[in-house]
Amino acid sequence: MEQVVIVRYSEIHLKGKNRSYFERLLTVNLERSLKGLRHELHRTSGRYLVEKFDENRAEEIVRRVSRVFGVHSCSKGLLVENDLDSIFFAAKTVAPKEGSFKVETHRADKKYPMTSMEINAAIGGRLLSANKNLRVDVHEPEGYVYIDVRENGTALVFGSFFEGAGGMPVSSSGKGLLMISGGIDSPVAGYMMAKRGLTVELLHFHSYPYTNEGAKEKVVKLSKILSESTLTSKLHTVSVTHIQEEIHKKCAAELNVTLLRRFMFRIAERLARKFNAKCLITGESLGQVASQTVEGITSSNSVVTLPVLRPLIGFDKDEIILRARKLGTYETSVIPYEDCCTVFLPEHPAIRPTLSFIEEEESKLNVEELVEEAVSTLEIIEL
Ligand code: ATP
Ligand code: MG
């Protein structure tokens with residue numbers, strides 16, 4: 001009898017002939033999530049088994065694999081020979097110590113000499129005779145004993161399911177570059193796109209020395225939390241201080257944010273191409289702030305050709321906060337800090353600036369040189 005963690009995957013089966021490609025990616029991602037923990041990972045039909053781990057790390061393994069995108073559910077279980085005695089032995093360990101229970105059997109091995117119903121009855125009966133504090137309730141049991149008779153002469157016995165992250169394996173949809181601020185929204189946006197199979201690279205703009213080390217530490221912390229799901233290994237940072245100073249010096253104050261955002265998009269696109277990322281990702285949500293109007297979005301989009309994915313565009317702040325809490329980033333995101341956008345914040349940012357006004361003001365700047373200079377400040381932080 002061996003302790004195992006059973007990992008079931010989702011949505012992948014919809015992909016027909018791409019199935020093996022998806023399974024390969026999922027294998028790589030599961031291995032990455034288990035890095036540093038002793039284990040063996042084996043794929044059997046339709047699921048994975050994590051085996052040969054230290055028994056006191058079972059919870060940690062469940063926690064890690066359940067976060068991997070593409071995982072539908074997982075269970076701590078026991079792997080035994082498929083004879084009734086072995087199954088019963090495992091069932092005794094899994095069954096509740098008292099109260100009501102139900103046995104549910106799934107038979108992948110259709111040649112097994114007993115039907116699922118017969119196995120349920122046999123194991124249920126033996127559990128009842130072995131423990132007088134148990135009773136069967138097939139409608140609303142307090143505990144379950146699940147038996148999964150595999151095709152290779154083994155059976156899996158387990159008592160519960162942990163919900164997996166769902167979605168598709170990271171990197172099955174290619175790569176995107178997330179513009180990550182220290183706020184609530186952008187980590188959630190990155191999580192959502194990684195869930196749809198994107199490898200998410202991270203880019204943060206800072207305005208050192210106007211923004212401090214604390215602001216940077218905060219983004220590093222957010223990136224670390226996010227990377228438990230996205231499996232991202234690096235955070236890229238770029239300075240936009242010189243750009244903000246130039247804008248401040250030469251352009252209409254109400255366009256500060258609008259112009260800075262156009263620079264952010266240009267720099268992001270330049271780096272995305274360098275990283276081989278095929279799209280940009282932001283945490284923008286329509287109407288949330290002055291720069292997130294349709295006009296603001298038009299202004300930012302017009303300086304790039306890569307598609308910009310904005311998964312939160314139709315979300316209320318409350319909905320985003322709920323997701324940030326679930327992701328575990330909320331508490332860090334709400335720590336007060338100086339964002340580079342707030343440093344030169346005008347009193348009345350333009351809400352619906354026309355493109356011609358923006359371009360006129362921008363023509364006072366040497367755009368290419370400023371972008372080049374920003375790219376040259378690129379730093380990489382290992383997460
Ligand atoms: P967030 O909560 O993600 O900070 P926000 O509501 O503060 O969002 P803005 O500051 O207008 O909104 O930023 C909109 C989006 O622009 C962010 O979600 C993020 O994708 C990007 N962004 C803003 N500031 C930065 C920054 N300093 N570095 C990288 N990306 C940024
Ligand atoms: Mg922000």
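Counting starts at 1 for both ligands and their atoms, in listed order. Here the structure is a predicted model, which is why all the values come from computation and not from measurement.
Geometrically, R47 does not engage F158 in a cation-pi contact, judged by NZ or CZ lying under 6.0 Å from the ring centre and within 45° of the ring axis. Relative to the six-membered ring of Y112, R107 misses at least one condition, a distance below 6.0 Å or an angle of at most 45° to the axis.
Aromatic ring centres of F205 and F263: separated by at least 6.0 Å.
Near Q292, the atoms of ligand 1 lying under 4.0 angstrom from a non-hydrogen atom of the residue are 9 (P), 11 (O), 12 (O), 13 (O), 14 (C). Residue contact check: T282 has heavy atoms under 4.0 Å from atoms 20 (O) of ligand 1. The L203 neighbourhood of ligand 1 comprises atoms 29 (C), with distances under 4.0 Å to a heavy atom of that residue. Of all atoms in ligand 1, listed by their number and element, those nearer than 4.0 Å to a heavy atom of Q288 are 5 (P), 6 (O). Ligand-side atoms of ligand 1 in range of G283: 17 (C), 18 (O), 20 (O), range being under 4.0 angstrom from any heavy atom.
Between E362 and the options R266, K250, R261, a salt bridge (charged side-chain N to carboxylate O under 4.0 Å, His left out) holds for only R266. Partner of L202 under the side-chain contact (heavy atoms from CB on, under 4.5 Å) criterion, out of T232, L222, T230, L177: T232 alone.
Screening residues 289-301 for salt bridge (Lys or Arg N to Asp or Glu O under 4.0 Å), with sequence neighbours left out, gives E295-R352.
In this structure, L312 does not count as a contact residue of ligand 1, since none of its heavy atoms falls inside 4.0 Å of the ligand. Using a non-hydrogen distance threshold of 4.0 Å, R261 registers as a contact of ligand 1.
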Show every donor-acceptor pair shorter than 3.5 Å between a side-chain atom in residues 302-323 and any protein atom, with sequence neighbours excluded, or say none if there are none.
{"residue": "S302", "atom": "OG", "partner": "R262", "partner atom": "NH1", "Å": "3.3"}
{"residue": "S302", "atom": "OG", "partner": "T298", "partner atom": "O", "Å": "3.4"}
{"residue": "S302", "atom": "OG", "partner": "S299", "partner atom": "O", "Å": "3.0"}
{"residue": "T305", "atom": "OG1", "partner": "E269", "partner atom": "OE2", "Å": "3.3"}
{"residue": "T305", "atom": "OG1", "partner": "R273", "partner atom": "NH2", "Å": "2.7"}
{"residue": "R310", "atom": "NE", "partner": "E284", "partner atom": "OE1", "Å": "2.7"}
{"residue": "R310", "atom": "NH1", "partner": "N301", "partner atom": "OD1", "Å": "3.2"}
{"residue": "R310", "atom": "NH2", "partner": "E284", "partner atom": "OE1", "Å": "3.4"}
{"residue": "R310", "atom": "NH2", "partner": "N301", "partner atom": "OD1", "Å": "2.9"}
{"residue": "K317", "atom": "NZ", "partner": "D185", "partner atom": "OD1", "Å": "2.8"}
{"residue": "K317", "atom": "NZ", "partner": "D185", "partner atom": "OD2", "Å": "3.1"}
{"residue": "E319", "atom": "OE1", "partner": "D316", "partner atom": "N", "Å": "2.7"}

* Test side chain to side chain donor-acceptor pair (under 3.5 Å) applied to K274 and N276, step by step -> CA-CA 5 Å; K274 192 171 146 133; N276 205 19; over 6 Å; no

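At a heavy-atom distance under 4.0 Å, no atom of L178 approaches ligand 1. Residue contacts with ligand 1 for S291 involve side-chain atoms from C-beta outward but no N, CA, C or O (heavy atoms, distance under 4.0 Å). The part of V289 lying near ligand 1 is the side chain, judged by heavy-atom distances below 4.0 Å.
Taking any N or O of P187, backbone or side chain, none lies under 3.5 Å from an N or O belonging to ligand 1. Considering both main-chain and side-chain atoms, S186 comes within under 3.5 Å of ligand 1 through a nitrogen or oxygen pair.
Following chains of ILVMFWY side-chain contacts shorter than 4.5 Å, one cannot reach L25 starting from F69, and the two form parts of different hydrophobic clusters.
The closest non-hydrogen atom to atom 29 (C) of ligand 1, taken over V240, I180, I267, comes from I180. For atom 21 (C) of ligand 1, the choice among E284, M264, H206, M179 with the nearest heavy atom turns out to be M179.
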